[in-house]
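Written out below as structure tokens is the structure these notes cover.
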Amino acid sequence: MRVVILSALLLLLNRDGLKAESTSSERTGNKLPNVIIILADDMGFDDVSFRGGREFLTPNIDALAYHGRILDRLYAPAMCTPSRGALLSGKYPIHTGTQHFVISNEEPWALSLNATLMPEIFRNAGYSTNLIGKWHLGFARPEYTPTHRGFDYHYGYWGGFIDYYQRRAQMPVQNYTMGYDFRRNMQLECADRGVYMTDLLTNEAERLIREQPGKQKPLFLMLGHLAPHTANLNEPLQAPEEELRKFAHIKDPNRRKYAGMVSRLDQSVGRIVSALTRSEQLENSIIIFYSDNGGPSVGLFANTGSNWPLRGQKNTPWEGGVRVAGAIWSPLLEGRGNLFTQPFYVGDFLPTLAHAAGIELPESLKLDGIDLWPQLAGSKDAAHVPREILHNLDDVWRVSSLMLGQWKYVNGTTSAGQYDNLLTYRELDDVDPRESRYVVEVRNSPVSKALADFDLQRLTQARINTLRRAARVRCGDFQRGCNALVEECLFDLSVDPCETNNLAYSKPHSDVLSALRDRIHQLRAGAVAPGNRPSVSYADPSLHKCTWDSFEVKPAGSGNTYLCSANYLLISNQIIAVRLECDYHGLPCGG
Ligand SMILES: *[C@@H]1O[C@H](CO)[C@@H](O)[C@H](O)[C@H]1NC(C)=O
Ligand SMILES: *[C@@H]1O[C@H](CO)[C@@H](O)[C@H](O)[C@H]1NC(C)=O
Ligand SMILES: *[C@@H]1O[C@H](CO)[C@@H](O)[C@H](O)[C@H]1NC(C)=O
């Protein structure tokens with residue numbers, strides 16, 4: 001009896017505690033909002049059907065967008081490491097050393113440890129912080145890894161990608177052996193090997209939502225999917241058989257597999273929203289879905305992703321690399337059911353979500369991202385905030401790309417210009433059989449069923465069709481392109497979103513051009529050196545029980561000295577790593 005009374009009292013006390021908090025941040029009602037970020041990996045700009053594509057449907061993602069807001073002009077750095085770094089730090093890659101390419105598993109570097117990351121900030125504000133899935137911000141030293149950088153919990157992989165079933169990765173640098181890369185916090189996780197990765201990560205996210213301390217603590221969850229990134233070269237595209245059968249109408253077998261991968265990812269979004277409904281947390285959640293960068297249509301890690309009608313792709317300075325598919329939903333957004341056309345940088349999420357959670361950020365963080373919560377959560381007609389977005393400034397490859405208001409400047413390009421043009425077209429013949437009842441498909445999706453209860457106006461057929469038409473990018477009809485190999489490029493994105501009309505050499509634009517150039521020089525002066533380090537042989541998985549492991553460790557009492565953690569031989573003071581072929585039998589998670 002006494003125990004009961006006591007716990008009732010505690011409950012009351014806790015309630016009062018919450019009340020005190022809520023008065024200081026009225027916006028969020030009586031609880032801090034849950035933040036759920038679902039990240040697709042290498043998904044193309046046009047590979048969501050809310051933009052109007054009919055080749056394969058994404059009814060759950062579309063429902064999230066139509067009930068919430070389409071992030072019409074969401075910008076991200078053009079590759080995984082800088083993009084995830086910008087999201088978590090709120091800074092441009094030139095301020096965290098991630099401006100050049102990505103971290104390959106065998107390289108001993110990381111996102112600058114100087115940066116304070118979003119999970120750390122949210123944890124300090126009382127959140128439970130969780131990463132499920134991909135990290136890709138460095139793991140050579142234990143202190144680079146997610147649970148040392150603000151996440152209470154990590155279930156997933158440290159490197160750039162893995163096989164969808166076996167969880168092993170072979171780097172494109174072919175002389176490294178294949179290594180297992182899957183963990184729960186710092187421990188290797190072998191259970192459930194063989195389960196398709198998209199489902200596995202979703203299962204874990206569902207479990208977390210069901211059991212998490214969020215009933216007491218608000219939830220910060222980043223679900224970094226593998227899909228639809230390629231796996232290893234021997235079998236780059238992987239989707240469950242039953243998913244492939246839905247896309248028999250797609251003639252290109254690779255594109256068919258890609259459709260299966262995206263479709264499963266779409267279902268994951270449905271399952272997450274349903275799980276939040278079941279645990280009665282939906283009414284207090286902010287759910288964001290987006291792709292980390294443009295799809296790689298061709299070349300390294302090509303997955304057939306389509307960025308139509310934008311030019312370029314992943315790892316290029318063009319809109320196809322940096323303008324990404326995305327949507328947000330939350331009952332905290334006043335103006336739901338429309339396009340959010342304000343240019344928004346992934347680095348804006350940190351200050352924007354912090355505002356939503358009533359977290360005050362110290363000036364000392366020196367963010368490049370800006371707080372756009374008033375625009376995002378306010379009414380649909382809020383005026384645009386002029387936005388500068390530095391897409392990249394990579395002096396190794398001599399590429400810079402900067403957006404300032406309506407203007408975009410590009411100087412130099414990647415891959416010798418091979419991927420500078422429009423690389424895909426929209427498939428018109430291979431139409432998803434569900435397209436004829438598109439509206440029904442969207443409204444019957446688990447996401448729509450859950451979110452309809454919160455609608456301010458009913459999601460009618462007319463509204464769906466209007467939004468889908470509005471989300472289509474119209475290129476305009478221009479003649480003069482720009483060859484970034486030989487000239488500087490300047491575009492007016494307000495009329496030329498497809499970057500087809502170079503204004504750099506037109507007299508009336510000379511002031512704009514020099515302003516953009518000056519700003520690049522200014523940003524360059526404040527850039528830190530790229531953090532890249534060359535591959536090291538002692539990272540090889542054969543030296544770490546066939547796993548990708550932290551391959552540099554700091555022995556106790558050694559000051560700032562790091563040693564390779566592998567088995568190595570010292571031959572006349574040179575470290576020679578002992579390299580073996582990896583035989584998984586009898587090893588952790590082997591067989
Ligand atoms: C990190 O901070 C140190 C000390 O202030 C500074 O010397 C270094 O350049 C910074 N590194 C990066 C990548 O920001
Ligand atoms: C544009 O690229 C050229 C060649 O790399 C370089 O000399 C010039 O400084 C660059 N301009 C800016 C503004 O970065
Ligand atoms: C693979 O080749 C690179 C480049 O030659 C070299 O630096 C690295 O040590 C090699 N790795 C292994 C495991 O042999």
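Please read these numbers as outputs of a predicted model, since none were measured by experiment. We count ligands from 1, going down the list as the structure has it; atoms in each ligand are counted the same way.
Electrostatic pairing of E487 and R480 counts as a salt bridge here, judged by a charged N lying under 4.0 Å from a carboxylate O. Using a 4.0 Å cut-off between charged nitrogen and carboxylate oxygen, R183 and D549 count as a salt-bridge pair. Contact check on R517 versus E488 returns a salt bridge, with a Lys/Arg side-chain nitrogen under 4.0 Å from an Asp/Glu carboxylate oxygen. Checked for salt-bridge contact, K314 and D42 meet the test: a charged N lies under 4.0 Å from a carboxylate O.
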CA sep, side-chain torsions, deciding dist, call: Y155, F182, ring-ring contact (aromatic ring centres under 6.0 Å, His included): CA-CA 8 Å; Y155 175 83; F182 206 79; 5.0 Å; yes
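For the pair E488 and ligand 2, no heavy-atom separation below 4.0 Å is found.
Close approach to Y409 involves these atoms of ligand 2, each under 4.0 Å from a residue heavy atom: 11 (N), 12 (C), 13 (C). When each atom of ligand 2 is checked for a heavy atom of R524 under 4.0 Å away, the hits are 14 (O).
For ligand 1, the 4.0 Å heavy-atom shell contains residues S112, N114, V528.
Residue contacts with ligand 2: R517 is placed with no nitrogen or oxygen under 3.5 Å of a nitrogen or oxygen of the ligand (distance criterion only).
A donor-acceptor contact shorter than 3.5 Å is absent between the side chain of T98 and the backbone of T81.
Note that CE of M79 is 7.0 Å distant from CG of L300, once rounded to the nearest 0.5 Å.
Nearest approach of V528 to G97, heavy atoms of both residues: CG2-N, 3.4 Å.
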